[in-house]
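This report concerns only the one structure given below.
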Amino acid sequence: MTTTTSPEFPVVEGRGVYVLAAHPHWRDSRVNRRMLAAARGVPGVDVNDLYGSYPDFAIDVEAEQERLRRASLVVLVHPIQWYSMPALQKLWLDDVLAYGWAYGPGGTALQGKDLWLAATTGSPESSYHPQGYHRYFFDAFLPPYEQTAALCGMRFLPPLIFHGARSASEADVASHVETFAQRLGSYPDWPEMDEIEACVACPVPESDRPADPDDIGKTVGKAFHAAMTRGLSVATADKVA
């Protein structure tokens, strides 16, 4: 059954999927561009081309949080750049996953949801090896993604990584894109889902988070106002005395 809560964001009840695709140069993409097109063809999937939506990097935080609220699965689709994500995807995390909303005291908006990384690398898998030029197995670069999910109370699903995107054969690319679309369409009925552990609880104590500058300014302002009020009261009392 399909429930439409907004003309822009149709959601399949019980399995809302939000795909965030981030590629700074879509024309140069061999794999991500086709994954984006495939995702758009899966019924009930909300797809957002971040560089198309926010070319000025001015992210609509409220709109993004609303799309996240509707989703059960959040999918990050992007090329790995300098062992991490493209700049706009990182900015999206910084702006949208706010303290008090996505994590920290009161930040429960994403708890119980799933996070899935579907990324590509330009280098072959063999290069991600202690004897290769990347020096580490690829799994060594996943903890920031895993911990982001954990801090938000989300379950991090096994990532779908396509290595060697620059040199892969057409058959391999087509097979990968087909697998990606099939997974989107079949969520949450994945064979391994029952074996994936629930997310780790990572509560953030309020004492670990310093007050925002605006809050500090308000506190100082109130203290100054109180001191001035007390000073005027004393001066008035002296005159009356």
So do Asp46 and Val17 actually touch side chain to side chain, heavy atoms under 4.5 Å? no

Taking Arg30 for its side chain and Ala165 for its backbone only, find out whether a donor-acceptor pair lies under 3.5 Å. yes

How many angstroms lie between atom CZ of Phe162 and atom OG1 of Thr120, to the nearest 0.5 angstrom? 8.5 Å

Can you tell if the side chain of Val77 reaches within under 4.5 Å of the side chain of Leu20, non-hydrogen atoms only? no

When every non-hydrogen atom of Ala21 is compared with those of Leu36, the smallest separation belongs to CB-CD1, 3.8 Å

Inter-residue atom distance Glu64.CD - Asn48.CG, 0.5 Å rounding: 5.0 Å

State yes or no: do Ile196 and Leu73 share one hydrophobic cluster built from I, L, V, M, F, W and Y residues joined by side-chain heavy-atom distances below 4.5 Å, directly or via other members? yes

Rounded to the nearest 0.5 Å, how far does OG of Ser127 lie from CZ of Phe138? 10.0 Å

Rounded to the nearest 0.5 Å, what's the gap from SG on Cys199 to CG on Leu115? Could you check? 11.0 Å

Tell me, with the steps shown, if Ile80 and Ile161 meet side chain to side chain contact (heavy atoms under 4.5 Å, CB included). CA-CA 10 Å; Ile80 297 297; Ile161 308 298; 5.9 Å; no

Any heavy-atom pair between the side chains of Tyr54 and Asp95 that's under 4.5 Å? no

About how many Å separate NE2 of His78 and NZ of Lys90, when rounded to the nearest 0.5 Å? 12.0 Å

Looking at every non-hydrogen atom in both residues, tell me the closest pair between Pro124 and His163 and how far apart they are. C-CB, 4.1 Å

Report yes or no: is the cationic atom of Arg70 (NZ for Lys, CZ for Arg) under 6.0 Å from the centre of the six-membered ring of Tyr18, at an angle within 45° of the ring normal? no

Would you indicate whether the side-chain heavy atoms of Val31 and Arg166 approach each other to under 4.5 Å? no

Report yes if some heavy atom in the side chain of Pro159 is under 4.5 Å from a heavy atom in the side chain of Tyr145; otherwise report no. no

Give a yes or no on whether a salt bridge exists between Arg34 and Glu170, defined as a side-chain N under 4.0 angstrom from a carboxylate O. yes

Run the side chain to side chain contact (heavy atoms under 4.5 Å, CB included) test on Val74 and Asp114 for me, step by step, so that the C-alpha distance in whole Å, both residues' side-chain angles and the decisive distance to 0.1 Å come before the verdict. CA-CA 6 Å; Val74 179; Asp114 290 328; over 6 Å; no

Say whether Phe57 and Leu97 are linked into one hydrophobic cluster, either directly or through other cluster members, by side-chain heavy-atom distances under 4.5 angstrom. yes

Among Leu110, Leu151, Thr108, find the one that has a side-chain contact (heavy atoms from CB on, under 4.5 Å) with Tyr103. Leu151

For the pair Phe141 and Tyr83, name the ring-plane relationship: parallel under 30°, tilted 30 to 60°, perpendicular over 60°. parallel

When every non-hydrogen atom of Phe180 is compared with those of Ala39, the smallest separation belongs to CE2-CB, 4.1 Å

State, to 0.1 Å, how close Ala149 and Phe156 come at their nearest heavy-atom pair, and which atoms those are. CB-CB, 4.0 Å

Can you find a side-chain donor-acceptor pair between Ser175 and Asp172 that sits under 3.5 Å? no

Quick check: does any side chain N or O of Lys113 sit under 3.5 Å from a backbone N or O of Arg69, one acting as donor and the other as acceptor? yes

Does a donor on one side chain and an acceptor on the other come within less than 3.5 Å for Asp49 and Trp26? yes

How far does CD1 of Ile59 sit from CH2 of Trp92, to the nearest 0.5 angstrom? 8.5 Å

So with a 6.0 Å cut-off around CD of Gln65, is the heavy-atom count from everything else above 12? yes

If you compare all heavy atoms of Asn32 against all heavy atoms of Pro79, which two are closest, and at what distance to 0.1 Å? OD1-N, 3.7 Å

Does one hydrophobic cluster hold both Trp82 and Tyr133, with members joined at side-chain heavy-atom distances below 4.5 Å? no

State whether the number of non-hydrogen atoms from other residues, nucleotides or ligands found under 6.0 Å of Gln147 atom CD is greater than 12. yes

Quick check: do Leu117 and Leu142 have side-chain heavy atoms less than 4.5 Å from each other? yes

Pair Phe137 and His129, ring centroids less than 6.0 Å apart: yes

Can you check whether Leu76's main-chain N or O pairs, donor with acceptor, with Trp116's side chain at less than 3.5 Å? no

In terms of the angle between their ring planes, are His134 and Tyr128 parallel, tilted or perpendicular, with boundaries placed at 30° and 60°? parallel

Nearest non-hydrogen partners of Ala22 and Pro86, listed with the distance: O-CG, 3.6 Å

Neighbour count above 12 (heavy atom, 6.0 Å) for Tyr136 OH: no

For atom CD of Glu192, is the number of surrounding heavy atoms from other residues, nucleotides or ligands below 6.0 Å larger than 12? yes

Counting distance only, does the side-chain N/O of His25 pair as donor-acceptor with the main-chain N or O of Arg27 below 3.5 Å? no

Does the pair Arg40 and Met35 meet the rule for a side chain to side chain contact (heavy atoms under 4.5 Å, CB included), with working shown? CA-CA 9 Å; Arg40 285 174 168 160; Met35 293 172 69; over 6 Å; no

